[in-house]
Amino acid sequence: MENLEKLLNKEQLEGVLTTEGPVLILAGAGSGKTRVLTHRVAYLIAEKNVNPWNIMAITFTNKAAAEMRERVDRIAGEGSEGVWISTFHSACVRILRRFADRIGYKNSFSIYDSDDSKSLMKQIIKLKNLDPKKYKEKRFLGQISDFKNNLIDCDEAEKYLKGAEGRLTAGIYREYQARLKSNNAMDFDDLIMNAVLLLKSDKEVKAYYNDRLHYIMVDEYQDTNAAQFELIKLLSEKRKNLCVVGDDDQSIYKFRGADITNILSFEEHFPGAKVIKLEQNYRSYTSILNAANAVIKNNRGRKDKSLWSNRGEGEKVRFRQFESSYEEADFIADDIRKREKSLTADYKDFAVLYRTNAQSRTLEEKLMMAGIPYRIVGGINFYQRREIKDILAYLTAIENPDNDVAIRRILNVPKRGIGATTEGKIAEYAAGRSLSFYDGMQLGVENGMFGRSGKKLSDFMSFIDTLRTKLSFHGVVGLVKDIIEDTGYSEELKLEDTDESRARLENLDELINKAALFEHEINEDEETKDLPADEKLSLFLQDVSLMTSADTGDDAENHVTLMTLHAAKGLEFPHVYITGLEDGLFPSQLSINSDDSDEEIEEERRLMYVGITRAMDTLTLTCAKARMVRGQTEYMPVSRFVKEIPAELLDGRVEKTSYSFDERADYKERADFGFKAYVPKENDYGSLAYGGIYGYSGNAKGQKRKPRKKKEDISLLYTKGADMVKSSLDYGVGDRVKHTKFGEGTVTEIKDGGRDYQVTVEFDTAGRKKMFAGFARLEKI
DNA sequence: CTTGCGTTCGTTTTT
DNA sequence: CGAACGCAAG
């Protein structure tokens, strides 16, 4: 380990060298915390002669884990693969796969994702004959999640819950857990809670991990909840060499159980803890950090610190106020185009951030019309797409027929004439006999309980059995292919022959690829290559169930990134736009109205801090005086967070904070044309609300609605647009083409723009337009 | 059992 | 405004 001093600043070095005892590294945004963590691992191995096997690093996301793995392998080199680097959830799965039988589960449990949990809860509400209007899954699931995050089991919950409503909730919780267990399944929160339960109740298991794990590191510690805290505490109990890294100012996940006091009270939880502050920022210009510091200092509950940088002053933070969200989006599209044209930046250098997902729509439209390639982060995860979930449900059903959610998902997919009525009958029959759905179906069919549906059901069951037999002959990949073929899924999609069905088919191909890659990997691995096919299938499903969109990303592509402020945490971009800076939107109205408004606003302020500190070179803050929210035009004053930035740091003034009645009326008139009729200054395009991006046409009168779509289906088209790899064009200069929005026109120029063609078209009515072929989807006529 | 239509409801999200 | 969902007609 040469020259650590040269690679690290004083505080970072201290973080690396302080290996013994509890350590809290308060790492400000952009202060190089991953650098410290990876060097720390390398130092432990190389200088302290610690066996890599005795080191563990925990993160929240697969992406962070993969990144850490990569960097540790690079820095620490030989032997580093022994270091246990994983997410909270996959670490717990690994523990539970080994020992779950000691707390009454099978080691081969399925993992329910949030959709599965939702289906399960729906079944319960239905079975309990509750009014679904009054009792929605979300409410119960939210409460149950809160309980689990705080390690409160059914018995304990019962003590907390008083009154009729309370008893109901407790009963639902109990039923939900019972069903999970009989389905041989755990939800995401169970993974953590049950791991803790196991470590607490089984001394042997705890001793096993305590003996193994000499050094534990935790990233993003400010995001941990009570259950995760307990887990870490238990795992590190023997040696107490626990190093946590985090930033209380970036704690933005309270709503999903994160407890900021874990980091604020670390020294009390772990007496004798050493605290190291990393305040030097290597990311941003001083002007940006000054703005960030100015905003965050308004929070009371925080550890005092202040970021600084020696990158120089940089440009002032820009602030721009617009009449409407359309003008705001126009400005951003135009600004990005100018900067990209002037060759000072690539599209990939830009990020546009917003508080709520709904805001992305307007931005998308404008970017698309400006021909700027973009990508939205945080859309639907590959593994949550309908076609993928369907095929995975088949695999799950083959592996674990007790998994009711999987069985019921595929019962009538593809359509085999088994409808809701039959499904309900089976569910009731099974529940009455304490059988799983599948077993209930089997018994019921034998006893002729389901009348005319009996034949269909037995066909279905033998179909599943046939598939199961195929597993041992064809392996995992073969089985995936078989399912896609034998269900008629691929044929159906081929016949449909729309952009959407083609996109779906591509997704299915991608799933086959992932399965092939997985099978290849486990067949290379000495430990797993000789496992029987069904165990390989289990491994595949486990792998996939903890996967998210994060690792589907292809960072190399040159596109602008659109995302929520939450999704931006941990990322950095040369040019950042924070949009919708209006009181009532950001901070959100809910936080302003909340009972503990002070705390909620502080959380929103941290979100603002996260947003500001994403920017490396320039930061632009924008807001609109009037904005459509839920179909209504809202007038909101400039966000208090903008006002917290001293005027001398801003380029652009905060003009007004409220409007007179007349002014409002004026804005209203303009904004109420709203979504449909608003025409920007250039007057050359209307809104795409009538259907461009989603190929989908609202509920406008007289228009025929396209077939029912669910959230998991939408986004296929634009994702495809963004993904569009350059292919040859079927039109050339001089050809007549048709555009969904601009109508017909003549191609006047085609430029090769690297990964896509830039096409110039002289439209008959809309005038001349430049666009990317991949986005424009021009049709030759 | 499937499909069309009206009603309701609405932060942030990883695993 | 738009998505999700429940209900009632094909």
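Just so it is clear: chains get the letters A, B, ... in the order the sequence lines come, proteins before strands, and each one is counted from 1. Note: hydrogens, waters and symmetry copies are ignored here, and every other heavy atom, side chains too, is used.
Under the stacking criterion of a centre-to-centre distance below 5.5 angstrom and an interplanar angle below 30°, A/F255 sits stacked against the six-membered ring of B/dT12.
The residue A/S114 sits close to a base: some heavy atom pair falls under 4.0 Å. Nucleic acid contact for A/G631: base, since at least one base atom lies under 4.0 Å from a heavy atom of the residue. Here A/E604 lies in heavy-atom contact (under 4.0 Å) with a base.
Out of C/dC5, B/dT15, B/dT12, the shortest distance to the side chain of A/K118 is found at C/dC5. Ranking C/dC1, B/dT14, B/dT11 by closeness to the A/M628 side chain, first place goes to C/dC1. Across B/dC1, B/dT11, B/dG10, the shortest atom-to-atom separation from the side chain of A/K136 is found for B/dG10. Out of C/dC5, B/dT2, B/dT15, the shortest distance to the side chain of A/N412 is found at B/dT2. Among the nucleotides B/dT2, B/dT11, B/dT15, the one closest to the side chain of A/K415 is B/dT2.
For C/dA3, the OP1/OP2 oxygens have a side-chain nitrogen or oxygen of A/R361 closer than 4.0 Å. Under 4.0 angstrom from either OP1 or OP2 of B/dG10 there lies no side-chain N or O belonging to A/K138. Within the structure, every side-chain polar atom (N or O) of A/T564 is placed at least 4.0 Å from both OP1 and OP2 of B/dT11. At B/dT11, none of the side-chain N or O atoms of A/S591 fall inside 4.0 Å of OP1 or OP2 (strictly under the cut-off). Side-chain nitrogen and oxygen atoms of A/N357 include at least one within less than 4.0 Å of the OP1 or OP2 phosphate oxygen of B/dT13. Dashed line: the shortest gap from a side-chain N or O of A/T87 to OP1 or OP2 of B/dT14 is not under 4.0 Å. Contact check, A/N62 against B/dT14: no side-chain N or O comes under 4.0 Å of OP1 or OP2.
The CG atom of A/D543 sits 13 Å away from the C1' atom of B/dT15 (whole-angstrom rounding). Between A/K456 atom NZ and B/dC1 atom P there is a gap of 7 Å when expressed in whole angstrom units. Whole-Å rounding puts the A/D115 CG to B/dT13 P distance at 15 Å. For the pair A/E220 CD and B/dT15 P, the computed distance is 12 Å after rounding to whole Å. The interatomic distance linking A/F60 (CZ) with B/dT12 (P) rounds to 20 Å, in whole Å. In this structure, CG of A/L590 is placed 15 Å from P of B/dC9, rounded to the nearest angstrom. Between the CD atom of A/Q542 and the P atom of B/dT15 there is a distance of 15 Å, rounded to whole Å. The separation between A/R605 atom CZ and B/dT11 atom P is 23 Å, rounded to whole Å.
Residues A/K569 and A/M563 are not in side-chain contact: their nearest non-hydrogen atoms beyond the backbone lie 4.5 Å or more apart. Looking only at side-chain heavy atoms (C-beta outward), A/M186 and A/V93 stay at 4.5 Å or farther from each other.
Two rings, from A/Y253 and A/F60, have their centers 6.0 Å or more apart.
A side-chain donor from one of A/N183 and A/Y112 sits under 3.5 Å from a side-chain acceptor of the other.
In this structure, A/L191 and A/T421 both approach DNA chain B, and ranking their closest nucleotides by distance from the 5' end singles out A/T421. Residue A/G419 is the one, among A/G419 and A/T356, whose nearest nucleotide of DNA chain B lies closer to the 5' end (criterion: closest heavy atom).
Nucleotides C/dA4 and B/dT13 are separated by 15 Å at their P atoms, to the nearest Å.
For B/dG10, the paired base is C/dC1 (Watson-Crick or G-U wobble, both distances below 3.5 Å). In this entry B/dC1 has C/dG10 as its Watson-Crick or G-U wobble partner, both defining distances falling under 3.5 Å.
Rounding to the nearest 0.5 Å places CG of A/N403 at 9.5 Å from CG of A/L541. Between atom CZ of residue A/R606 and atom CG of residue A/D248 there is a gap of 8.0 Å, rounded to the nearest 0.5 Å.
Under the 6.0 Å distance and 45° angle rule, A/K128 does not count as a cation-pi partner of A/Y135.
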